[in-house]
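In this chain, numbering begins with 1 at the start of the sequence shown.
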Amino acid sequence: MSRHADHENQAGPAAHADLKQRVVTAFQRHVANPVLRRLPLQTVLETTGRTSGLPRRTPIGGRRVGNTFWLVSEYGEKSHYIRNIKADPSVRVRIRGRWHAGTAHLLPNDDPVARLRTLPRMNSAAVRVLGSGLLTVRVDLRG
């Protein structure tokens with residue numbers, strides 16, 4: 001067995017998941033997100049950059065239930081917006097063109113696959129297929 005082939009076998013599923021995340025994240029960051037952020041009815045999460053202190057806007061999928069907004073992060077703690085929430089949980093969510101201030105809560109004990117079943121189907125399917133390390137996020141909205 002070649003040294004290269006042996007290295008691939010040792011890397012296994014974790015390396016594959018990491019590569020998939022890097023490819024998907026690069027596509028989202030440089031192609032999809034700049035377009036989606038500008039669509040007036042696209043749901044967007046605004047966090048404060050943990051290093052820059054600047055607003056960071058990420059198109060997301062999820063659902064509002066009363067004064068709560070639910071979403072599932074497809075890469076969990078590896079997602080930049082999750083890291084930003086850990087540094088400052090004050091966020092804004094644009095829902096149907098209107099901004100709502102709120103506080104985000106990371107819920108590692110929630111079942112994200114079960115949660116996805118309660119959220120919009122198209123986005124949930126993409127999160128299940130593309131994601132790894134899923135993490136539920138609850139945003140308590142103020143007004």
| request: Determine which pairs satisfy salt bridge (Lys or Arg N to Asp or Glu O under 4.0 Å) with at least one residue from residues 114-124, sequence neighbours left out, and list them in order. | output: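 Counting only pairs at least two positions apart or across chains, the salt bridge (Lys or Arg N to Asp or Glu O under 4.0 Å) contacts touching residues 114-124 are D110-R115.
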
Can you give each donor-acceptor pair under 3.5 Å made by side-chain atoms of residues 47-54, sequence neighbours left out, with the distance rounded to 0.1 Å?
| from | atom 1 | to | atom 2 | distance (Å) |
| --- | --- | --- | --- | --- |
| T47 | OG1 | N84 | ND2 | 3.1 |
| R50 | NH1 | H80 | O | 3.4 |
| R50 | NH1 | N84 | OD1 | 2.7 |
| R50 | NH2 | H80 | ND1 | 3.0 |
| S52 | OG | L54 | N | 3.0 |
| S52 | OG | R56 | NH2 | 3.2 |

| task | Mind running side-chain contact (heavy atoms from CB on, under 4.5 Å) on I82 and Y75 for me, showing each step along the way? | result | CA-CA 9 Å; I82 295 297; Y75 294 113; over 6 Å; no

| task | For residues R98 and H100, determine if any side-chain heavy atom of one lies less than 4.5 Å from a side-chain heavy atom of the other. | result |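 Answer yes - side chains close enough.
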
| field | Any side-chain heavy-atom pair of T43 and L71 under 4.5 Å | value |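 Result no, sub-4.5 Å side-chain heavy-atom pair not found.
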
| said: Test of understanding: with salt bridge (Lys or Arg N to Asp or Glu O under 4.0 Å), list the residues that count as partners of D140, not counting sequence neighbours. | reply: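 For D140 the salt bridge (Lys or Arg N to Asp or Glu O under 4.0 Å) partners, ignoring immediate neighbours, are R138.
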
| request: Dump the intermediate steps for side-chain contact (heavy atoms from CB on, under 4.5 Å) on V91 and Y81, then the final yes or no. | output: CA-CA 10 Å; V91 299; Y81 69 88; over 6 Å; no

| Nearest non-hydrogen partners of P112 and T136, listed with the distance |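 Heavy-atom minimum between the residues: CA-OG1, 3.5 Å.
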
| request: Check L106 against P108 and note the closest heavy-atom contact, atom names and distance. | output: O-CD, 3.2 Å

| task | Show which residues join L116 in its hydrophobic cluster (side-chain heavy-atom contacts under 4.5 Å, direct or indirect), or state none. | result | V65, W70, V72, L107, V113, L119, V127, L134

| Residues in side-chain contact (heavy atoms from CB on, under 4.5 Å) with T103, at least two apart? |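 side-chain contact (heavy atoms from CB on, under 4.5 Å) list for T103, sorted by chain: P89, H105, R142.
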
For [Y], does its backbone N or O pair with a side-chain atom of [X] as donor and acceptor, under 3.5 Å?
| X | Y | value |
| --- | --- | --- |
| R64 | G66 | yes |
| R57 | V44 | no |
| E74 | V129 | no |

| field | Under-4.0 Å salt bridge between K86 and E77 | value | yes

| query | side chain to side chain donor-acceptor pair (under 3.5 Å) with N123: which residues, sequence neighbours excluded? | reply |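 Scan of N123 (side chain to side chain donor-acceptor pair (under 3.5 Å), adjacent residues dropped) gives none.
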
| OG-CD1 distance between S79 and I60, expressed to the nearest 0.5 angstrom | 11.5 Å

